[in-house]
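Reckoned from all heavy atoms, side chains included, excluding hydrogens, waters and symmetry mates.
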Amino acid sequence: MGPITSAPGFPVWLDLLIAFLIGIGFGFSLEQAGFSSSRKLAGMFYGYDTTVLKVFFTAAIVALIGSQFLSYFGLLNLNLVFVNEYYVTASIVGGVIMGAGFIMGGFCPGTGVSAMSIGKIDALFYVLGGLAGAFLFAETYPLIQPLADNAYRGPVKINDVFGISPGLFTLLLVIAAAGMFWVAELAEKKFARPDITGEI
Amino acid sequence: MILAVVLPILVLVLTRSITRDHFRNNAAKWADRSIHKTNVITAKQLDESDGKTLVIELDDLAEATGIKGEVIHIPADRLLDKDNQKKMRGAGGNIVLVSEDPALSARMWMMLSQMGYKKLFILNDSTDNEALKYKFQPDTVTRPEL
Amino acid sequence: MNARQILTTILLLLGLILAFLPLSGNYSFHGKPGKLLVETLDENTYCTPDQVARFVVTEDSTMQLIDLRTADEFESFSIPGAINIPYSSMLSQNLESYLDRDVKNIFYANGDYLANYALVLARGLGFQNNMVMKGGLNEWYRTVMNSEFTGERISARENALFETRRKAEKMFTELNSLPDSLKARYRESKEIERKKLDGGCE
Amino acid sequence: MKTKYMNPYLAGTLLGLVLLSAMYISGRGLGASGGLKYCVVSVVGAVDKPHAEKSVYYSKYFEEGQKPLFNWLTMIIFGVLAGGFVSGAVSKRLQFKIEKSPGISNTRRLIFAFIGGAFFVYGAQLARGCTSGAALSGMAVLSVAGFVTMITIFGSAYLFAWFFRKNWI
């Protein structure tokens, strides 16, 4: 029963090797999706290219559905899968800062590294900026710690907040995503910029 | 394409939900009666209850004589045998587990109820198994160094 | 049909199946009933109060005593080194953080029922290293606390046994006679560090 | 309209399966910003060890002789580099290039990329995860934090989009 590496005595080097292999899959799918292009990513916010929305929601939903089926068949213990802890203030403030960084830099960290690997110089600067940001955070940590630890709620699951089963929430999420995909494709027609999309 | 993905999963889900060879009940919900102690029954309560009762002796020492209902003897390690399960599923009333060893009947109760047996009880004499028969006497003279 | 329609149809159908599934599998017992039966009939899942007394006296760190009684009962007295997981709230907390460790868990309560329910629950939910103290605190009192030698000549083996019992009894009485504030401090020091799952970007 | 990239729904499914295998194999999601942080931590540790040991922030990464460079999240970053390169090679996209709107200069693009990266990773440290670590992986496990982070990242990016439109269109 998964997760496999949670078995006692699982060798560390194999764990790290697996991380590397998963990273390869991660980088490969990001690049194939076109996330190595900052103008494609930024297109999300001007309507001419909504690949980000499609890939992002498809991926989240595929993993969500897959993990629940694995759990139903007794193959994966979801109690041993990490659930992100909810720090209300930090999530919101951090999210806003990330949104600003996204629209300025045109990447997020994963896509930035992936784009850097195929030779995008802007991505290289983005990653360097990211390292600077991490350094800055470490140095300003004592100042920002109260904010970061404020309003801790623990690893809350969203279906528990609404009081419905995980399966039902998944269905609602799929319906919402299907609606968004449809709107996104309409938007792509309305805000089409063939001059940009032809180039990227 | 759609069918190729959805159909196999649907078939797997259906087979899994039909077969009996695994647990599929919510563990907390089905253990709930053990928290409220409504799964323990005395011979007197059993006498006063309505409906059919199947009494199962889990070990050789268990004496279920004089108890209301049909008494059968099934050693604990044979509980899951096909014909025994058939008898239990067909009982159509209360099922009462009797054993000399309260640990054994508690364990079998939990396992069987997780398999979906609803009207399942442990037979106990009138004393509460979980009551402490001794009283702690504090010793206020000596003080350990901590 | 274009890619969007194919994908959304597949996801919608799968989502529909999920919405109708009773609950995800990790809420119910793992494995097959037959295997659970064999495991729960295993004699090695029992230990006697005398064995527990030895763990207490030697402060064996490969054993973790788990007291299933209510918090009130636990506070008034408990076996030294035990942590408290009241049976009534056992399944409403994340058991992984308590039970999925490299030590053997020994369940006990006043009698036999709760500890053995807890053992089957723990086994069924996938935790392997569990035992019960046979007879619970009643048996602990009868054999360890109130032990008296009644024979004529004492053998070396019996002598060791009685020595352990005496020591355990002393530790038990001393700990539980402490004023509440000191007792709470002792318990805090015994609190196990809850295992945290690895993950996220931390 | 034809693009040279993989169909987004197919790519999304692929990414979802990668995430699912990460969850199945190791019980974790994907993460990118964490790896960058570990790189910084190990550099700081190598350059100024006393500082790293004194600081509340760095010291926890050096407890018990841990090596921050040999870490799950750092390995992911190295994997992403390799995987991106393979994908670029397969699809013949390997090329040194600065991608930008024709309306702005290269310097402006690079400065904005640097600032954007700094902002993003700073925010990601605060929120304990970036788009992949918090939003994507979080949503896949139905964590509230994941949904909140996702909404605030995309929501605020939409709000700020108007100010930076020259950079992109």
Side-chain angles (χ1 to χ4, degrees), chain B residues 1-2 4-6 9-10 13 16-17 20-32 34-37 39-40 76-80 85 101-112 114-115 122 124 127-144 146, chain C residues 1 6 9-10 13-14 17 21-23 25 27-34 36-38 40-41 46 69 73 76-77 87-88 90-92 109-117 119-121 124-125 132 134-138 141-142 145-146 170-171 173-178 182 185-186 189:
Chain B
M1 172 69 190
I2 296 172
V5 177
V6 178
I9 295 181
L10 187 63
V13 167
R16 179 142 179 117
S17 59
R20 279 229 172 95
D21 200 23
H22 59 88
F23 298 97
R24 64 196 128 103
N25 296 312
N26 181 342
K29 197 173 141 206
W30 287 75
D32 198 51
S34 67
I35 294 173
H36 302 106
K37 298 187 177 171
N39 62 330
V40 180
D77 57 336
R78 303 244 73 92
L79 261 181
L80 296 181
Q85 281 294 302
D101 178 6
L104 182 70
S105 38
R107 288 180 179 199
M108 293 306 114
W109 183 87
M110 186 55 81
M111 188 192 73
L112 290 170
Q114 292 292 336
M115 289 168 68
I122 300 175
N124 190 26
T127 55
D128 183 359
N129 179 279
E130 288 298 335
L132 189 68
K133 295 177 197 141
Y134 301 84
K135 206 176 161 339
F136 171 64
Q137 265 136 12
D139 174 358
T140 44
V141 186
T142 52
R143 277 287 149 76
L146 280 184
Chain C
M1 260 179 135
I6 294 176
T9 322
I10 291 178
L13 288 173
L14 292 180
I17 299 177
L21 288 187
L23 268 170
Y27 294 107
S28 51
F29 276 21
H30 315 156
K32 304 197 174 215
L36 183 70
L37 180 67
V38 173
T40 51
L41 291 177
Y46 293 103
R69 300 171 305 153
E73 286 175 287
S76 73
F77 65 91
Y87 180 69
S88 56
M90 179 175 163
L91 288 180
S92 53
N110 285 335
D112 273 305
Y113 285 160
L114 297 192
N116 286 287
Y117 297 146
L119 178 103
V120 178
L121 283 171
L125 292 170
V132 296
K134 199 150 190 178
L137 279 177
N138 280 327
Y141 258 96
R142 203 180 65 76
M145 304 292 288
N146 299 344
K170 192 163 167 262
M171 286 172 76
T173 315
E174 281 177 351
L175 166 71
N176 292 306
S177 305
L178 288 176
L182 282 179
R185 228 168 66 198
Y186 170 81
S189 72

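Of the listed residues (C/Leu119, C/Leu37, C/Leu91), the one with the most heavy-atom contacts under 4.5 Å to chain B is C/Leu37. Interface remark: of the candidates C/Ile17, C/Val132, C/Asn146, C/Ile17 forms the most heavy-atom pairs closer than 4.5 Å to chain B. Contact count against chain B (heavy-atom pairs under 4.5 Å) is highest for C/Leu121 among C/Val38, C/Leu121, C/Leu137. Comparing C/Asn138, C/Thr173, C/Leu114 by heavy-atom pairs within less than 4.5 Å of chain B, the highest count is held by C/Asn138. Contact count against chain B (heavy-atom pairs under 4.5 Å) is highest for C/Arg142 among C/Arg142, C/Met145, C/Lys170. Per-residue counts of heavy-atom pairs under 4.5 Å with chain C were compared for B/Ala131, B/Ala103, B/Ala28, B/Ala27; the largest is that of B/Ala103.
For chain C, the nearby part of B/Trp109 is the side chain; its heavy atoms alone come within less than 4.5 Å. When heavy atoms are compared at a cutoff of 4.5 Å, B/Met115 approaches chain C solely by way of its side chain, counted from C-beta outward. Proximity to chain C is absent for every atom of B/Leu112, based on heavy atoms less than 4.5 angstrom apart. Using a 4.5 Å cut-off between heavy atoms, B/Asp32 makes no contact with chain C at all. Using a 4.5 Å cut-off between heavy atoms, B/Glu130 contacts chain C through both its backbone and its side chain.
Residues C/Leu182 and C/Arg185 meet the side-chain proximity criterion, which asks for heavy atoms closer than 4.5 Å. Contact of the B/Leu132 side chain with the C/Glu73 side chain is not registered, since no non-hydrogen atoms from C-beta on lie closer than 4.5 Å. Counting heavy atoms from C-beta outward, B/Met111 and B/Leu80 have side chains that approach closer than 4.5 Å.
Ring pair C/Phe77/C/Tyr141 is perpendicular by interplanar angle, where above 60° counts as perpendicular and below 30° as parallel.
Looking at C/Lys134 and B/Asp101, a side-chain N of the basic residue comes within less than 4.0 Å of a carboxylate O on the acidic one, giving a salt bridge.
Counting only distance, with no hydrogens or angles, the side chain of B/Asn129 and the backbone of C/Tyr113 share a donor-acceptor pair below 3.5 Å. Checking side-chain atoms of B/Asn39 against main-chain N and O of B/Ala31 turns up no donor-acceptor pair under 3.5 Å.
The minimum heavy-atom distance between C/His30 and B/Phe23, with the atom names listed, is O-CD1, 3.9 Å.
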